[in-house]
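This report refers to the structure that appears directly beneath it.
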Protein chains: 2
Amino acid sequence: MDSPDLPRANTHVRRRVTAAMVADHAGVSTATVSLVANGKTQGRVSATNEAKVLASIKELGYVIDSIGSSLSRGVSTTIIMVAPDISNPFFAKVIAGVRSALGSDYQLLLSVTDSGQLPSAADTRRLLGLRPAGLLVDAPDPSFLEELSATGPLVLLDAPGFSDSVPAVNLDVAQGARDLAAHLAAAGHRNIAYIDGITGTTTFALRRSAFLEAAAKLSMQVPEHAQLATTIDVGSTANAFSKAWPEWKKQGITAVVCATDTHAYGVLQEARVEGIIIPKELAVTGFDDLPYSENSNPSLTSVRLPAELLGRRAAEQLLALINGQELNTAQLTLASELMVRSSTS
Amino acid sequence: MDSPDLPRANTHVRRRVTAAMVADHAGVSTATVSLVANGKTQGRVSATNEAKVLASIKELGYVIDSIGSSLSRGVSTTIIMVAPDISNPFFAKVIAGVRSALGSDYQLLLSVTDSGQLPSAADTRRLLGLRPAGLLVDAPDPSFLEELSATGPLVLLDAPGFSDSVPAVNLDVAQGARDLAAHLAAAGHRNIAYIDGITGTTTFALRRSAFLEAAAKLSMQVPEHAQLATTIDVGSTANAFSKAWPEWKKQGITAVVCATDTHAYGVLQEARVEGIIIPKELAVTGFDDLPYSENSNPSLTSVRLPAELLGRRAAEQLLALINGQELNTAQLTLASELMVRSSTS
DNA sequence: CTGAAAGCGCTTACAG
DNA sequence: CTGAAAGCGCTTACAG
């Protein structure tokens, strides 16, 4: 019943526009179309043909098919970032940094896993099957990396403790912890409490041990019973602090160092309710320097971790790898910065 | 100088293992390898050959190249989800829902944009160049959709106000807002304040108008000057509430409805500081039912939006579309649920 | 400057 | 049950 000879343009099945169709339309070969579509005309395509092809591309709405292109080139123009946890503002900034460094030559795609789980071997393999131009892996666990042997360009983010030869960009949380200790010591504090997270995340362990060590050197006490761990949320920290404070006060605690700003918000909140004067009676500090820390009441002293820069540097390293350059240094460590605000001075 | 005849297995350049290599190794054709690798052996490959190929696949570590496969099949096994904002716990739950519905047949990849920006036309085109099996678009803006005409399987999430023919899964925030109004009316409240977000997000507009309308029907007043808008953060809401409260109190306001739980936390925090008794003196409510709302002090009455279900249903609809099924209903709307807690009773 | 042709790795009618 | 062959859409030496 159909008239197979009629164009099906109006049947709404709109076939994919291919280079061959453009070539036909422009009266050139697909080789020429490819050259023009990829902007490689310099000394290889006449101005006339270039113009013809450009016009046809526009008229037909041609877009290079990246599947065909990838197969032909042997590699895609996609960069895949694998991340275990994306639901926080810190990660959003990391992404922004990655995107800004990547520019428009590469397409960034994220692969996330369920609630903090790292990708399975099978997932990983399938990712590689997409032939990404490069892989960015955030907060990997060592075993994950082993599955990825010989994968092409790969840069780790926030991956302390990996072999020096693996390209990685890390955050120097330890330095921030030391700066924090020095700041508190200079303000005359001698007895400090520490509120930690309860997850055993590497970065938390680093924050704590670096701070404790620096505090000891500066003759500050962080008594065992003034060390606490709670989930990372305002409410439970407020409760825990509320319970602990009478005893802490008795023992002369004058400052609380928190492993995250969120913990610190809990302390600030409870302190206000109980009428504890900050920082006169109690100094409070956090880590991460979340946006709200500038506007909390009082504003919060915090160790800022350069999220955007972390993403940017990682992407830059990856681009270098993709372009076949030798990395000057496989691993970069980014300095953290102590933001001193009203909660301590 | 090289001996081109020697295998290069030990040169660490480990070439990609192809179906042809497996075929050689097993002594069969690539067609057979393909059949076995895809589990399509039923009545088409002898048990002997199947075993041989399986062994070779294992020994060589063969993985189907999805680029080649996609080109051949005409479509990939990738599902791309486009989202403007991923940095919140709500979105993490949506993702979890999507993943659970997708199972292991498809690979979920996320494409995010810079800070709340929607993808550009160019970005979108490139995404399509990857020939995804389907596209999931979260909170799209109408113009974005126009660029995507005739793309294959597509499901929108949280996209109120689109043409009925576009497959979408939405949240019935309006019903939640009405339930909330009924709840407050039943508790005897007559004068209500409303704290909104300042971004013009569609869902916020819906929450507000639905609540105002229902309140009016129930003879509750929400005076103009008792309506406020602040950024979505605890601190600025606390400040704004602190300023507004004396006047509100004078005018007999007994409940504050907040457009998000985060706003509500700000009110709760400030109320505790000022010694306002909740809910006796002031009832407080939120939207979203974030995890902390269960543990806040007091716990927060909130309209729960089913994030996980949103993701799951959207993925299910998409799978149906991919399998060529007709959708019974193009658009689904998921009920919200009022979680009544101590902040109102 | 140009185009015919090979090739990327896979899948799938097709003939046997 | 099996394999040779065509084809997916592109890129890139290669010959002219």
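Reminder, nothing fancy here: chain letters follow the sequence lines and each chain counts from 1.
Checked by atom type and distance alone, the side chain of A:Gln317 never pairs as donor or acceptor with a backbone atom of A:Leu154 at under 3.5 Å. Not one N or O on the side chain of A:Thr30 forms a donor-acceptor pair closer than 3.5 Å with the backbone of A:Val33. Of the possible donor and acceptor atoms, one in the side chain of B:Arg99 sits under 3.5 Å from a partner among the backbone N and O of A:Val112.
Remark: P of D:dG9 and CG of B:Leu130 are 16 Å apart, rounded to the nearest angstrom. Rounded to a whole Å, the CZ atom of A:Arg16 is 12 Å from the C1' atom of D:dC10. Remark: P of C:dG9 and CG of A:Leu128 are 15 Å apart, rounded to the nearest angstrom.
Of all the residues in residues 52-73 of chain B, B:Leu71, B:Ser72 reach under 4.0 Å from DNA chain D with at least one non-hydrogen atom. Annotation: proximity of residues 33-46 of chain A to DNA chain C (heavy atom, distance under 4.0 Å) is found for A:Gly43, A:Arg44, A:Val45, A:Ser46, numbered in ascending order.
A:Leu127 has its side chain within reach of B:Leu109: a pair of non-hydrogen atoms, C-beta onward, lies under 4.5 Å apart. Residues A:Leu318 and A:Ile79 meet the side-chain proximity criterion, which asks for heavy atoms closer than 4.5 Å. Using a 4.5 Å cut-off on side-chain heavy atoms (C-beta onward), B:Pro160 and B:Asp158 make contact.
Surrounding CD of A:Gln42 are at most 12 heavy atoms belonging to other residues, nucleotides or ligands under 6.0 Å away. Under a cut-off of 6.0 angstrom, the local environment of CD in B:Gln325 is crowded, with over 12 non-hydrogen atoms contributed by other residues, nucleotides or ligands.
Contact annotation: A:Asn49 does not reach the phosphate of C:dC1 (side-chain N/O to OP1 or OP2, under 4.0 Å). Of the side-chain N and O atoms in B:Thr32, one or more sit less than 4.0 angstrom from OP1 or OP2 of D:dG3.
Residue contacts for B:Ala31: at a heavy-atom cut-off of 4.0 Å it reaches a base atom on one of the strands shown.
Shown here are the side chain to side chain contact (heavy atoms under 4.5 Å, CB included) partners of A:Thr41, two or more places apart in sequence or in another chain: A:Val36, A:Val45, A:Glu50.
When both pairing distances are held under 3.5 Å, D:dC14 makes a Watson-Crick or G-U pair with C:dG3.
Nearer to the 5' terminus of DNA chain D, by closest-nucleotide assignment, is the contact made by B:Ser29 (compared with the other of B:Ser29 and A:Ala20).
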